[in-house]
Every structure is written in structure tokens, then in C-alpha cells.
Amino acid sequence: MLGLYIGAFLGMLSETSMNIALPDLMDEFSVSSGTAQWMVVGCILAIGVVMTAIGGALFFTIGVNSGVVLVFSFMFKGGKRYMNR
């Protein structure tokens, strides 16, 4: 159950961080706020589809416990790398 809580928290954290980045996305790509919001929605949907497919294959291959530890370690490493930019 703790793994589900941590996963839900990290999922909502990534969605929130994408919404906070909207002004930077608008400036970087020179688009309107509506277009930037659709970009964020598309990114989150793509992440959901890809993570589901990769997660299923990963958990089937190496097991659920090892897969959860591996996925969380990648998420923390990626978040740390992004925060240090």
C-alpha cells in the first residue's frame, strides 16, 4: 500500500511541475497558453501510455518488487537531475 501512495504522490507531483512550467513552455515555443496546456496534456497522456506498457513488460520480466524499486530510483534520479539544472 505504501508503494501505491508513493506512486500516486509522485504522479501528482510530476503533473503539478508540468503545470508550473507553463510560462516557460509558452516562452520557449512561442505559443499561446491554450496550446501550451494541450502540450502538457499530450505529454502526460503519452507518459501514461508508455509507462503502462513499459511497466507491464518490466514487471513481467524482473518481478514486481524489483520493478517498483527500479522505477522509483529512476524517478528520483531524473527529478534530482532536473532540479540541479
Side-chain angles (χ1 to χ4, degrees):
M1 204 61 183
L2 179 63
L4 290 175
Y5 289 145
I6 293 172
F9 171 75
L10 291 175
M12 292 202 305
L13 181 67
S14 68
E15 292 173 19
T16 303
S17 64
M18 285 293 290
N19 285 327
I20 291 172
L22 276 177
D24 294 334
L25 288 172
M26 290 168 47
D27 292 339
E28 185 70 28
F29 294 108
S30 301
V31 295
S32 67
S33 62
T35 304
Q37 288 173 351
W38 278 110
M39 287 171 35
V40 169
V41 168
C43 178
I44 291 174
L45 285 174
I47 288 171
V49 168
V50 170
M51 291 301 281
T52 302
I54 291 175
L58 181 71
F59 293 161
F60 182 73
T61 305
I62 66 172
V64 174
N65 291 337
S66 300
V68 168
V69 170
L70 184 66
V71 168
F72 282 155
S73 65
F74 283 148
M75 288 180 74
F76 286 128
K77 184 175 173 88
K80 182 179 176 188
R81 183 175 181 183
Y82 177 75
M83 295 302 286
N84 290 334
R85 281 188 354 163

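Here, residue 1 is the first one in the sequence, and each next residue gets the next number.
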What pair of heavy atoms forms the shortest contact from Ile20 to Pro23, and how long is it?
O-CD, 3.4 Å
Hydrophobic cluster membership, with links at side-chain heavy-atom distances under 4.5 Å among I/L/V/M/F/W/Y: are Leu22 and Val31 in one?
yes
So which atom in Met26 and which in Ala36 form the shortest heavy-atom distance, rounded to 0.1 Å?
CG-CB, 3.6 Å
Are Phe29 and Ile44 grouped together when hydrophobic residues (ILVMFWY) are joined by side-chain heavy atoms under 4.5 angstrom apart?
yes
I'd like to know whether CG of Asn65 has more than 12 heavy-atom contacts from other residues, nucleotides or ligands below 6.0 angstrom.
no
May I ask whether Leu70 and Ile54 are part of the same hydrophobic cluster, defined by side-chain heavy atoms of I, L, V, M, F, W, Y residues being less than 4.5 angstrom apart, directly or through others?
no
Hphob cluster co-occupancy, Phe72 + Val50, side-chain heavy atoms under 4.5 angstrom:
no
